[in-house]
Structures are given as C-alpha cells and as structure tokens.
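Here is the structure we will look at, set down as structure tokens.
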Amino acid sequence: MLEILYQDEYIVAINKPSGLLVHKSFYARDAKVYAIQELRNQIGGQHVYPIHRLDRKTSGVLLFALDKSTLKIMNDRFALREVEKKYLAILRGWTLPESTIDYDLTNDDDIKQNAITYFQRLQTTEIDLAFNNKPTSRYCLVEAIPETGRMHQLRKHFKHIFHPILGSRPHGCNKQNKLWLENYELKGMMLHAHQLIFNHPVSNEKLILNAKINEEFYKVGTILNLDLSDYH
C-alpha cells in the first residue's frame with residue numbers, strides 16, 4: 001500500500017518509495033510495477049495523472065491530478081516555478097554552509113538547459129571509515145531546492161561541485177558507493193523529496209505536504225550519527 005499524504009477530489013499526493021517507477025520507461029523496461037497503476041488500484045480505479053516526476057531511486061512527495069483540467073493548472077504552476085520542492089540529501093564531504101549552483105545541463109537531445117539549485121547544509125559528520133588513504137570519511141546532510149526541474153538535476157549538480165549524493169549511480173562516486181555496499185549493504189540513493197509547497201489548484205489554499213524518510217535513509221543517518229528525528 002502506498003502512503004497517501006493528501007487526497008481530495010482534484011489531487012492526490014503519495015510518499016513514493018525508493019525503487020518505484022512513476023510510469024513505464026524505456027530506460028527501465030525490467031519494471032513490472034508503477035506508481036500510476038498502484039495508486040489507481042488503491043483509490044478504486046480512478047485515473048491519475050502525474051504532475052511532476054521523481055527518479056526511480058528518489059523517494060518522497062509525488063503529486064497527481066485526478067482530472068486533465070487540474071493537471072493543466074498544476075503543470076502551468078510548475079512551469080512558472082510557483083511550486084517549491086525541498087529535498088534532503090546525504091553528500092560526500094562537507095559543502096559550504098549554503099550556496100547556489102548555477103550550472104547548465106545537457107538533456108538526452110543534446111540541448112543545453114539552464115539549471116539552478118539552491119542548498120543549505122544542515123549537519124556535518126565524520127566517521128571512522130577509511131577511504132583514499134585517510135582514516136575517516138566526511139559527509140553532510142543538506143536541504144536542496146531546485147529552481148529548475150531538469151532530469152537528474154540534483155545528482156548532476158552535486159557531482160559538479162565534487163560532493164556527490166551517496167548511493168547515486170551513475171552521477172556519483174563509484175568508489176564510495178562500493179565502499180558502502182560492502183560495509184553497510186547500501187543499495188539505495190540518499191535523496192528524498194521531503195516537502196512540496198504550493199497553492200491548491202481550485203481553492204488556492206496554501207498546502208505544505210511533508211513525506212517522512214524511508215528506513216534505509218534513516219539507517220544511513222544512524223550510521224553517520226545524523227539527527228533525522230524531524231524527518232522520520
């Protein structure tokens with residue numbers, strides 16, 4: 001059963017599990033289960049229309065429209081950047097306390113697109129995990145707010161500033177991912193869409209939807225001595 005965060009006659013939001021595709025994809029033809037069909041079956045066969053996307057390995061708030069009119073309204077609001085998306089990520093190393101990454105990304109059609117991400121560092125940690133001839137490893141927890149919505153934007157942006165998201169493949173650190181797989185059996189990616197802020201498409205009431213982190217994210221936080229109590 002999917003965790004439903006909000007539902008009325010116009011929209012429904014879920015806390016998408018890591019590993020679940022939003023819909024059928026050419027890039028993941030092995031998948032047999034999709035968020036669209038699971039949610040539709042769960043709410044009595046009603047059609048649902050995804051308003052935005054989350055990567056397969058990204059968990060968190062995912063919003064659907066229940067009719068095409070609502071879908072258009074919300075698509076327009078996303079396009080006008082009237083919807084705020086907040087993510088939690090665990091990164092390799094210690095970033096600046098806060099910064100804006102303004103770095104163009106190239107899509108699958110080789111078209112360069114402007115991409116902007118603001119982030120702030122929430123916590124830092126250092127553990128006894130040897131890496132690259134050093135006896136310890138440093139990590140940090142950040143909150144990231146993408147101002148644009150490019151494919152794999154957060155993964156690519158954090159790799160660009162040399163602080164890749166833990167567990168990200170291919171836009172990550174393969175050596176770190178192998179280290180965590182061998183030592184802690186980490187297979188997921190430490191990226192979670194924890195909050196979505198927008199005005200309701202019909203009532204215009206401000207909505208703030210929060211999604212709790214999954215158990216694997218919490219487990220990694222425990223290993224790293226991060227305080228994730230506000231998100232679990």
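Hydrophobic clustering of Ile, Leu, Val, Met, Phe, Trp and Tyr side chains at less than 4.5 Å, counting indirect connections, keeps Val12 apart from Leu209. No single ILVMFWY cluster, assembled from side-chain heavy atoms under 4.5 Å apart, contains both Phe162 and Ile90. In this structure, Val83 is a member of the same hydrophobic cluster as Ile11, with clusters built from ILVMFWY side-chain heavy atoms closer than 4.5 Å. Under a hydrophobic-cluster definition in which Ile, Leu, Val, Met, Phe, Trp and Tyr are linked whenever side-chain heavy atoms come within less than 4.5 Å, directly or via other members, Leu20 and Leu5 are assigned to different clusters. Hydrophobic clustering (side-chain heavy atoms under 4.5 Å, transitive across Ile, Leu, Val, Met, Phe, Trp, Tyr) keeps Leu39 apart from Val61.
When side chains are defined from C-beta on, Glu82 does not count as touching Asn199, because their heavy atoms never get closer than 4.5 Å. In this structure the side chain of Ile43 reaches within 4.5 angstrom of the side chain of Ile4, judged on heavy atoms. Here the side chains of Leu105 and His160 are not in contact, with every heavy-atom distance at 4.5 Å or above. The side-chain heavy atoms of Leu54 and Tyr87, taken from C-beta on, include a pair separated by under 4.5 Å. A heavy-atom distance below 4.5 Å is not found between the side chains of Tyr34 and Pro50. Proximity of Glu38 to Met1: side-chain heavy atoms (C-beta onward) are nowhere separated by under 4.5 Å. In this structure the side chain of Thr117 never reaches within 4.5 angstrom of the side chain of Tyr103, judged on heavy atoms. Taking 4.5 Å as the limit, every side-chain heavy atom of His157 sits out of range of all side-chain heavy atoms of Arg150.
The backbone N or O of Gly167 lies less than 3.5 Å from a partner atom in the side chain of Asn177, making a donor-acceptor pair. Listed for the Thr125 side chain is no donor-acceptor partner under 3.5 Å among the backbone atoms of Tyr139. His152 places no side-chain N or O within donor-acceptor distance of the main-chain N or O of Arg155, the cut-off being under 3.5 Å. The backbone N or O of Val22 sits nowhere less than 3.5 Å from a side-chain atom of Arg53 that would complete a donor-acceptor pair. Using a distance-only test at 3.5 Å, with no hydrogens or angles considered, a donor-acceptor pair links the side chain of Lys16 to the main chain of Asp55. Side-chain atoms of Arg138 do not come within 3.5 Å of backbone N or O of Trp94 as any donor-acceptor pair. Judged purely by atom type and a 3.5 angstrom limit, Gln176 has no side-chain atom pairing as donor or acceptor with the backbone of Arg92. Side-chain N or O atoms of Asp8 include one that pairs as donor or acceptor with a backbone N or O of Tyr10 at under 3.5 Å. With hydrogens and angles disregarded, no donor-acceptor distance shorter than 3.5 Å links the side chain of Asp109 to the backbone of Ile111.
Residue Pro146 comes nearest to Ala144 through the heavy atom pair CD-O, 3.7 Å, listed as atom of the first residue, atom of the second, then distance. The two residues Ala35 and Leu2 come nearest to each other via the heavy atoms O-CD1, 4.2 Å. The heavy-atom pair separating Asn214 from Ser18 by the smallest distance is ND2-CB, 3.9 Å. Minimum interatomic distance between Cys173 and Phe131 (heavy atoms only, all atoms of both residues): SG-CZ, 4.2 Å.
To the nearest 0.5 Å, atoms NZ (Lys159) and NZ (Lys156) are separated by 10.0 Å. Here the NZ atom belonging to Lys68 is positioned 12.0 Å from the CG atom belonging to Asn75, to the nearest 0.5 angstrom. Atom CZ of Phe198 is separated from atom CG of Leu63 by 4.5 Å, given to the nearest 0.5 angstrom. Going from atom CD1 of Ile223 over to atom CG of Leu129 covers 9.5 Å, rounded to the nearest 0.5 Å. Here the CG atom belonging to Asp102 is positioned 5.5 Å from the CG atom belonging to Asn114, to the nearest 0.5 angstrom. In this structure, CG on Leu122 lies 7.0 Å from CG on Leu88, to the nearest 0.5 angstrom.
For Tyr6, the OH atom sits in a packed shell: over 12 heavy atoms of surrounding residues, nucleotides or ligands are nearer than 6.0 Å. More than 12 heavy atoms of other residues, nucleotides or ligands shown are found within 6.0 angstrom of CG on Asn183.
Results of the side chain to side chain contact (heavy atoms under 4.5 Å, CB included) test with Val142 over Leu154, Ile165, Leu96, Leu91 single out Leu91 as the only residue that passes.
Ile208 belongs to a hydrophobic cluster with Ile197, counting contacts under 4.5 Å between side-chain heavy atoms of Ile, Leu, Val, Met, Phe, Trp and Tyr, direct or through other members.
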Quiz item: Hey, mind stepping through Leu71 and Ile51 against side-chain contact (heavy atoms from CB on, under 4.5 Å) and telling me if it holds?
Solution: CA-CA 6 Å; Leu71 176 66; Ile51 295 169; 4.0 Å; yes

Quiz item: Is there a side-chain contact (heavy atoms from CB on, under 4.5 Å) between Val202 and Glu9 once you walk through the steps?
Solution: CA-CA 10 Å; Val202 177; Glu9 60 185 302; over 6 Å; no

Practice problem: List the steps and the verdict of side-chain contact (heavy atoms from CB on, under 4.5 Å) for Trp180 and Ser137. | Solution: CA-CA 11 Å; Trp180 275 78; Ser137 293; over 6 Å; no

Quiz item: What do the steps show when you test Gln37 against Arg40 for side-chain contact (heavy atoms from CB on, under 4.5 Å), and what is the final call?
Solution: CA-CA 5 Å; Gln37 71 182 42; Arg40 183 181 65 221; 3.8 Å; yes

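Judged purely by distance below 3.5 Å, without hydrogens or angles, the side chains of Tyr231 and Glu143 never pair a donor atom with an acceptor atom.
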I'd like a table of donor-acceptor pairs (distance under 3.5 Å, sequence neighbours excluded) in which one partner is a side-chain atom from residues 184-192, with atom names and distances.
{"residue": "His192", "atom": "ND1", "partner": "Ser59", "partner atom": "OG", "Å": "2.7"}
{"residue": "His192", "atom": "NE2", "partner": "Ala211", "partner atom": "O", "Å": "2.8"}
{"residue": "His192", "atom": "NE2", "partner": "Lys212", "partner atom": "O", "Å": "3.3"}

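Counting only residues at least two apart or on different chains, the ring pair (Phe, Tyr, Trp, His ring centres under 6.0 Å) pairs with a member in residues 36-70 are His52-Phe78.
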